[in-house]
Amino acid sequence: MLTRLAALAGLVLLGALCPATAQAQPQSTAALATGLHISDGRLVEGNGSDFVMRGVNHAHTWYPGRTQQSLADIKAMGANAVRVVLADGHRWSANSPADVAGVIAQCKANRLICVLEVHDTTGYGEEAAAGTLDQAADYWIGLKDVLAGQEDYIIVNIGNEPWGNTAPEGWTDPTVAAIKKLRNAGFQHTIMVDAPNWGQDWQGVMKANAKSVYSADPTGNLIFSIHMYSVFDTAAEITDYLNSFVAAELPVLIGEFGGPADQWGDPDEDTMMAAAEQLDLGYLAWSWSGNTDPILDLTLNFDPAQLSSWGKRIFNGVNGIAQTAKEATVFGGGSPGDTQAPTAPGAPTASAVTATSATLSWSAATDDVGVAGYDVVRVSGATETKVGASTGASATVTGLTANTAYTFAVYARDAAGNRSARSATVNVTTGSAPAVACSVAYRVVGEWPGGFQGDITLRNTGATPVSGWKLAFAFADGQTVTNMWGGTAAQSGSSVSVTPAAYTSTVPAGGSVTVGFIGAKGAKNTAPTAFTLDGGACATS
């Protein structure tokens, strides 16, 4: 993903999928099944239950210190699977057997099916630093002692996006060779293979060769992974691609996908998620947090209380994780016999109320099998908005506005996806905003029909540095931020909040930082008139 956005520049001339169609009648593999496996073109568990992945990607190899908490948070948001970035030592420092064993243990502790992938192969043939699938296969073989016996819990994704846009037909033979190498070494796990064209298969090589690649696996426990970004910007492209695999009974999932628009296009994430739900196919959104370009961060600064607009879409939107994820039966979830919802949690109480946050606590719910977690919602009339999640009986809600009344309530949910009745509500009024010393200059750099470019300069007029700031304002004419640099924007209706990038996170005393953005607009484009910094009002200039 670090190099994908640059590589996609080569896609603008050829955005249509190759019309070739995948065709196969895979063999029955029940006799060979060990743990997660493929049966009649579908991913199933060892007991034969369908398992449909609903989860996200997490960049463990670059943020190993974040993994333990991130996996817990990803589970608390309702996911049933996570795809974990590893490295084999070719491009990034190799994750050791002990480290990988720790990741697997943490996934199991959080009741998440774990897809493990080697990222060093990304963009082979165009990315000079990329490794080969053969090297990745050798890395997996070196981990055999760690991976053996974990077939119920993990999937081995041989290599991420293992071919660029140059001569993608070269993808097929190395993919087959890597599969055979792992099978000859005794691997019984379900193996996942990514497409060429930086994962997006816009020339249809994986689709055209899927039958022969699948047939090369003597166990039949192979699943294809398509990555969907700006190439997939129409409903027809998405549904045609996925349906070609389903019709041929070839297993497939969306192993990565994005929604936010960028300079290469605007992915149709709504169709991706709707088609995956309709066809009972898995999806794994990119990515939890920590992207070089934060446009694809689902959370800001790895904080589940700070979901980006992309994160809100994935977790809480239509066909999102909260609506569709079912825990794997190997962890006790998804049992057809568990139809009893938990009892309602006790009425929440509020404590530690500040200008921008409040801690809520409640009496725990009960369940015949067990309570898996809680969802905190903001209630406004007949509308509810999920604002937090927790595995315990308390949560801190952040990102609130000073001197504002809120109403909150809590739901409990169990591993099978049953949801309780809503708790009683609690009313909370945030405190006054702290005094701040700041000024903001907002300007429109340029305009065109339907869009504009702007920038915002935040100046610290105080005597001490300001770090980890949050700037908030509201548009008057329905404008929306579509892309931002120097910071990350989250927008709800007219309200916009901006958190900094790493290089703008500290505003020195007497200094300033600037963020720029591309926006969409209608006929009018009135500038915001008021800004707050960490809940306190800033002067405008």
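The figures here come from the full heavy-atom set of this structure, side chains too, leaving out hydrogens, waters and symmetry mates.
- Looking at Phe315 and Val56, their side chains come closer than 4.5 Å, going by heavy atoms from C-beta outward.
- Expressed to the nearest 0.5 Å, how far CG of Asp88 lies from CG of Leu86 amounts to 9.5 Å.
- Here the shortest heavy-atom pairing between Ala409 and Thr425 reads CB-CG2, 4.0 Å.
- One finds the OG1 atom of Thr61 at 9.0 Å from the CD atom of Glu117 (value rounded to the nearest 0.5 Å).
- Between Tyr241 and Phe232, the angle of the ring planes goes over 60°, which puts this pair in the perpendicular group of the 30/60° scheme.
- Using a 30° and 60° split on the angle between ring planes, His60 and His58 fall in the tilted class, from 30° to 60°.
- Side-chain atoms of Thr398 and Thr356, non-hydrogen and from C-beta on, never get closer than 4.5 Å to each other.
- A donor-acceptor pair shorter than 3.5 Å can be found between the side chains of Asn291 and Trp286.
- Geometrically, Arg111 does not engage Phe331 in a cation-pi contact, judged by NZ or CZ lying under 6.0 Å from the ring centre and within 45° of the ring axis.
- Remark: the backbone N or O of Ile191 is not paired with any side-chain donor or acceptor of Asn157 at under 3.5 angstrom.
- The shortest heavy-atom contact between Ser423 and Pro345 is CB-O, 3.4 Å.
- Between Gln323 and Asn316 there is no side-chain heavy-atom pair separated by less than 4.5 Å.
- There is a side-chain donor-acceptor pair under 3.5 Å between Thr329 and Glu45.
- Rounding to the nearest 0.5 Å gives a distance of 9.0 Å between CD of Gln491 and CE of Met484.
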> Asn427 and Thr407: side-chain hydrogen bond (donor to acceptor under 3.5 Å, both in side chains), yes or no, with the steps?
Replying inline: CA-CA 5 Å; Asn427 296 319; Thr407 300; 2.8 Å; yes
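- Side-chain N or O atoms of Ser492 include none that pairs as donor or acceptor with a backbone N or O of Ser495 at under 3.5 Å.
- Remark: the backbone N or O of Tyr229 is paired with a side-chain donor or acceptor of Gln200 at under 3.5 angstrom.
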>> Evaluate Asp297 against Lys312 for salt bridge (charged side-chain N to carboxylate O under 4.0 Å, His left out), listing each step before the verdict.
In response: CA-CA 11 Å; Asp297 282 354; Lys312 291 175 183 176; over 6 Å; no
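- Remark: the Asn160 side chain and the Thr121 side chain contain no N/O donor-acceptor pair separated by less than 3.5 Å.
- No side-chain heavy atom of Leu116 sits less than 4.5 Å from a side-chain heavy atom of Ile155.
- A side-chain donor-acceptor contact under 3.5 Å links Asn80 to the backbone of Lys326.
- Of the N and O atoms on the side chains of Asp73 and Gln69, at least one donor lies less than 3.5 Å from an acceptor on the other residue.
- Using the six-membered ring where Trp is involved, His189 and Phe187 have ring planes that are tilted, between 30° and 60° apart.
- Using modelled atom types, one finds a donor on one side chain and an acceptor on the other under 3.5 Å when comparing Thr324 with Arg54.
- A salt bridge does not link Arg378 to Glu384: none of the charged side-chain nitrogens sits closer than 4.0 Å to a carboxylate oxygen.
- Considering all non-hydrogen atoms of both residues, Glu237 and Asp233 come closest at OE1-OD1, 3.0 Å.
- With hydrogens and angles left out, the side-chain atoms of Gln306 and Lys470 include no donor and acceptor closer than 3.5 Å.
- Ion pairing of Arg413 with Asp367 is absent here, as no side-chain N (NZ or NE/NH1/NH2) approaches a carboxylate O to less than 4.0 Å.
- With rounding to the nearest 0.5 Å, the separation of CD1 in Ile154 from SG in Cys114 is 7.0 Å.
- Heavy atoms from other residues, nucleotides or ligands lying under 6.0 Å from CD of Gln68 number 12 at most.
- Closest heavy-atom contact between Val481 and Ala489: CG1-CB, 3.9 Å.
- In this structure the side chain of Val397 reaches within 4.5 angstrom of the side chain of Leu360, judged on heavy atoms.
- Interatomic distance, Ser505 OG to Asn301 CG, rounded to the nearest 0.5 Å: 9.0 Å.
- Between Val369 and Gln340, every side-chain heavy-atom pair lies at or beyond the 4.5 Å cut-off.
- Between the side chains of Glu269 and Tyr283, no donor N or O sits under 3.5 Å from an acceptor N or O.
- Closest heavy-atom contact between Gly259 and Trp310: N-CH2, 3.2 Å.
- Residues Thr359 and Thr396 have side chains that bring a donor and an acceptor to within less than 3.5 angstrom of each other.
- Checked by atom type and distance alone, the side chain of Ser289 pairs as donor or acceptor with a backbone atom of Thr299 at under 3.5 Å.
- Salt-bridge annotation for Arg42 and Glu249: absent, with no side-chain N of the basic residue lying under 4.0 Å from a carboxylate O of the acidic one.
- Outside the 6.0 Å centre-distance limit, the rings of Tyr411 and Tyr374 are not counted as a close aromatic pair.
- With hydrogens and angles ignored, the 3.5 Å screen pairs a side-chain donor or acceptor of Tyr214 with a backbone N or O of Gly220.
- Ring planes of Trp62 and His119: perpendicular class, angle over 60° (limits at 30 and 60°).
- With sequence neighbours excluded, the residues forming a side-chain contact (heavy atoms from CB on, under 4.5 Å) with Val246 are Leu279, Leu281, listed by chain and number.
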>> What verdict does the side chain to side chain contact (heavy atoms under 4.5 Å, CB included) test give for Leu36 and Ile113, after you've listed the backbone C-alpha separation in whole Å, the side-chain angles of each residue and the deciding distance to 0.1 Å?
In response: CA-CA 10 Å; Leu36 288 160; Ile113 295 299; 3.8 Å; yes
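- Taking CG of Asn403 as the start and OG of Ser432 as the end, the distance is 4.0 Å to the nearest 0.5 Å.
- With hydrogens and angles ignored, the 3.5 Å screen pairs a side-chain donor or acceptor of Glu151 with a backbone N or O of Gly149.
- Remark: side-chain polar atoms of Arg313 are paired, donor with acceptor, to backbone N or O of Val318 under 3.5 angstrom.
- The pair Asp201-Lys207 does not meet the salt-bridge criterion, since no charged nitrogen lies less than 4.0 angstrom from a carboxylate oxygen.
- Nearest heavy-atom pair, Tyr406 versus Thr401, reported as atom, atom and distance to 0.1 Å: OH-N, 2.8 Å.
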>> With side chain to side chain contact (heavy atoms under 4.5 Å, CB included) as the criterion, how do Tyr153 and Val330 come out once you've worked through the C-alpha distance, each side chain's angles and the decisive distance to 0.1 Å?
In response: CA-CA 8 Å; Tyr153 306 99; Val330 72; 3.7 Å; yes
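- Donor-acceptor pairing under 3.5 Å is lacking for the side chains of Thr67 and Ser70.
- Residues satisfying the side chain to side chain donor-acceptor pair (under 3.5 Å) criterion with Asp145, sequence neighbours excluded, are absent altogether.
- Among residues two or more places apart in sequence or in another chain, the side-chain contact (heavy atoms from CB on, under 4.5 Å) test is passed with Val353 by Ala350, Ala358, Val428.
- In this structure, Leu71 and Cys107 have side chains that are in contact, with non-hydrogen atoms separated by less than 4.5 Å.
- The six-membered or imidazole ring of Tyr63 lies away from that of Trp288, with a centre-to-centre distance of 6.0 Å or more.
- Checking side-chain atoms of Asn95 against main-chain N and O of Ala87 turns up a donor-acceptor pair under 3.5 Å.
- In this structure a side-chain-to-backbone donor-acceptor pair under 3.5 Å is present from Asn221 to Ile38.
- Residues Trp469 and Thr499 have side chains not in contact (no heavy-atom distance under 4.5 Å, counting atoms from C-beta outward).
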